[in-house]
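When reading the values below, keep in mind they use all heavy atoms of this one structure, side chains included, and skip hydrogens, waters and symmetry mates. Chain letters run A, B, ... following the sequence lines, proteins first and then strands; every chain starts at 1.
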Protein chains: 2
Amino acid sequence: MWQCQGVSRTVAPAGAVRQGSLRELNLALVLDRIAAAARPPSRADLAARTGLTRATVSAVVEDLIAGRLVSEADPTPRNGAGRPARGLVLAGDGPAGLGLEANVDYLAACVVDLAGRVRHHTVLRADLRPLAPADALARLVGLAAAARADAADQGLTLAGAALAVPGLVDDAGLVRLAPNLGWRDVDVPALLAGHPPLTERVDGVPALVVDNEANLAALGELHAGVAGPASFLHISGEVGIGAGIMLDGTLFRGARGWSGEIGHIPVQPDGRPCRCGGRGCLEQYAGQEAVLLAAGLAGADLPADTAAARLTELAEAGDRATLDALAEAGTALGVTVAGVVNLLDLDTVVLGGGYAPLAPWLRPPVLAEVSRRVLTAAWSPVTVRPAVLGSEAAVVGAAGSVVRRILARPAGWLAHRR
Amino acid sequence: MWQCQGVSRTVAPAGAVRQGSLRELNLALVLDRIAAAARPPSRADLAARTGLTRATVSAVVEDLIAGRLVSEADPTPRNGAGRPARGLVLAGDGPAGLGLEANVDYLAACVVDLAGRVRHHTVLRADLRPLAPADALARLVGLAAAARADAADQGLTLAGAALAVPGLVDDAGLVRLAPNLGWRDVDVPALLAGHPPLTERVDGVPALVVDNEANLAALGELHAGVAGPASFLHISGEVGIGAGIMLDGTLFRGARGWSGEIGHIPVQPDGRPCRCGGRGCLEQYAGQEAVLLAAGLAGADLPADTAAARLTELAEAGDRATLDALAEAGTALGVTVAGVVNLLDLDTVVLGGGYAPLAPWLRPPVLAEVSRRVLTAAWSPVTVRPAVLGSEAAVVGAAGSVVRRILARPAGWLAHRR
DNA sequence: GCCAAATAATTCAATGACTGAACAAATAGC
DNA sequence: GCTATTTGTTCAGTCATTGAATTATTTGGC
């Protein structure tokens, strides 16, 4: 169940606040409360929860219903004496978000509706490394067009798109470095400019956001339907190791959007040389290639998800070398994670990506290191758990990030429809 | 020059937005623009910059002037034809913030006015370690009362207070752990409840906020008057090593307010045992005691600021052991900092606290490690610089954090005065 | 079956903050 | 002295929320 990105704290507004701003803000407030409700709330419930009068809530809800953002739920349960309440839910036939992903050996497209349901999901297996970025993106545009058509058949309108890539992406969508794709300074928006638009244009929702895969996977995990903390460290273990840092439902992005490169935190300062130019990086101890090497599988050249499956099989079969390799990787990971927890005060660590199927073996050493080294572990233990979502986390997170923006500013969508 | 904490992004409001919310938000907007201006802006300037009409700006400014938040500057420079503009500045005779600090060997009180000027600053030298928390706080209340009287003599009204302590503080002001003070689970607000109020009560400004010293020092540094980035890692090197993580003018606090314990990031996983129970923590390589030990000064039992001064003297005199000790500490610090920069994408590192006077010797090895290990250093170099503020950074940051809250919600102050 | 109580949702006139156009204030240049 | 320009104020209109009254709809008691 997606919600918009947190709530406004006490800060100065970004610009003039006008008469019309009232309705815009209250549209967002009411929509957010509907999204966050455990059961479909009535207008009277919403009035009580928001502090707005029932008259105002009725007017706001009327707009939301007219704009296909909200619908009345049925049937209505009986509550004893009094007029029956009409529950309100997010509509499944209005706007939706388009998520896209370009990863080492697959392209993916996904449509998530306002209520958070995945309404379309396509994966195209392909080795992207030999492809020029423009060619890879052209194929992705094909996937996007098919997704858009399918969504339209289902009565949905795509309101914006987000693309997940495994690398450093700045705020303008420039992919500064994605080593696993072989991309360097790839201007994705510019390369896509010659193609037809991916979605409708909606005020307040960017046509395309390009974001780091680990960040979007963390976002997907946040909304995966499990009630859990809104603050956690989500680690995607692949060839590279990326992290999404989630605090109170908001992604920490860093000064330029390049945060989360946990795989290049030194775990042994004078240790193994790393492709980044440093020594002793976590990636050299807990990254996919390091684990395969330690397990005696070096040179197998397995695709990313096959590598994790292979390691899982061997571990389940009790293969000594594999178990030892995972223990060593888990210990290195745990040392790094403990430091990160001391620095960032996050009390949940989610093992995602290639680490998710390996969690039974990685979790014990991570927990041991965390328990030993985290200052606050004695009175506030750290949870380490596998991710709920699998390889679809990033593309679902990407689509969901669009939904989040619509929910944060429903007035933009309503203006588009008029 | 203090400003409030950033500007509102596109998020749902925290509660109902009412007719009166318009004026509240526009008061904050106009006041923030006055605070941020390089030269005193006129009403017409503010209208152009905010997008509000001149009529509205005049009405808002009239409220701000009546509330002693803003005053008209004089003399007025001539601009050619047209009515002379009246520049507007933050008032120096209205509300102010009270900052307090309890550190290992001193207590301090500080008053910062709305324009960011320090109007009162007192330091009381004392060894706090033998004192019970209640006794230390009682002495601090004495300092606060004197500061309040002095402020009143200067025509200022204290609108709130913030206390800096060197430890883990949660959002309710409970000091979970401050090893250097010997404090564990100290409920500061409860201990202060029996004393008279420190300041006036102003809606929207907490009576007392207790916060981590490193966080508040970072806040002080942000506003120290140098034009610089609003995102940086501010490291306070003392017995313990704490960090304030500043992103776009907002402090990262973690899930429970316990962030910044950079001294307990492992730099050698199987290295020296640490008092926290782990091994190889940065503090054992770059903390004050480790540096003193490596320089041959172990057992000298020097007060914190004297230790840094002593090390500085020896380094300036070319003492081999000291120079080597600082190089080793700088290298360990640099390894950790590089990892932190890769994780958090911060492009400026500020050496504060006991590290500030030692920056000439620490900076080169830190820079070397950062240049080698930070993924993005090749195209976006990391700046490493000494802090502008000295030991007063935390107490000034504490007072300034109150000013920030007033600026963010001037309506609370205006309501108080009516 | 009717009435009273209870709860949900709508109607309607009043309020307050911003707007845009007009006006007033103050200067420089011809 | 008049015009052009810029700053700041005045004033009637607009709009979104409010609070009280009204309408809609149910249950339970007589």
- Item | Given C/dA6, D/dG8, C/dA8, the nucleotide with the shortest approach to the side chain of B/A44 |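 Comparing C/dA6, D/dG8, C/dA8 against the side chain of B/A44, the answer is D/dG8.
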Atom-pair distance ([atom1] on [X]; [atom2] on [N]), nearest Å:
| X | N | atom1 | atom2 | result |
| --- | --- | --- | --- | --- |
| B/E24 | C/dC18 | CD | C1' | 15 Å |
| B/R86 | C/dT27 | CZ | P | 11 Å |
| B/D63 | C/dA17 | CG | C1' | 11 Å |

- Message: Using a 6.0 Å cut-off, check whether atom CD of B/Q154 has over 12 heavy atoms from anything other than its own residue.
- Response: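 Counting neighbours around CD of B/Q154, more than 12 heavy atoms of other residues, nucleotides or ligands fall under 6.0 Å, so yes.
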- Query: Taking only residues two or more places apart in sequence, or in another chain, which ones meet B/T53 in a side chain to side chain donor-acceptor pair (under 3.5 Å)?
  - Reply: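 Listed in chain order: B/T56.
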- Is there any salt bridge (Lys or Arg N to Asp or Glu O under 4.0 Å) pair reaching into residues 43-56 of chain A, and which pairs are they, with sequence neighbours excluded?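 Checked against salt bridge (Lys or Arg N to Asp or Glu O under 4.0 Å) - neighbours excluded - the pairs reaching residues 43-56 of chain A are A/R43-A/E72.
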With sequence neighbours left out, what residues match [X] under salt bridge (Lys or Arg N to Asp or Glu O under 4.0 Å)?
| X | answer |
| --- | --- |
| B/R68 | B/D93 |
| B/D150 | none |
| B/R117 | B/D113 |

- Heavy-atom contacts, protein to nucleotides 9-21 of chain D, under 4.0 Å, summarised as B (base), S (sugar-phosphate only) or - (none) per nt, yield BB----BBSBB--
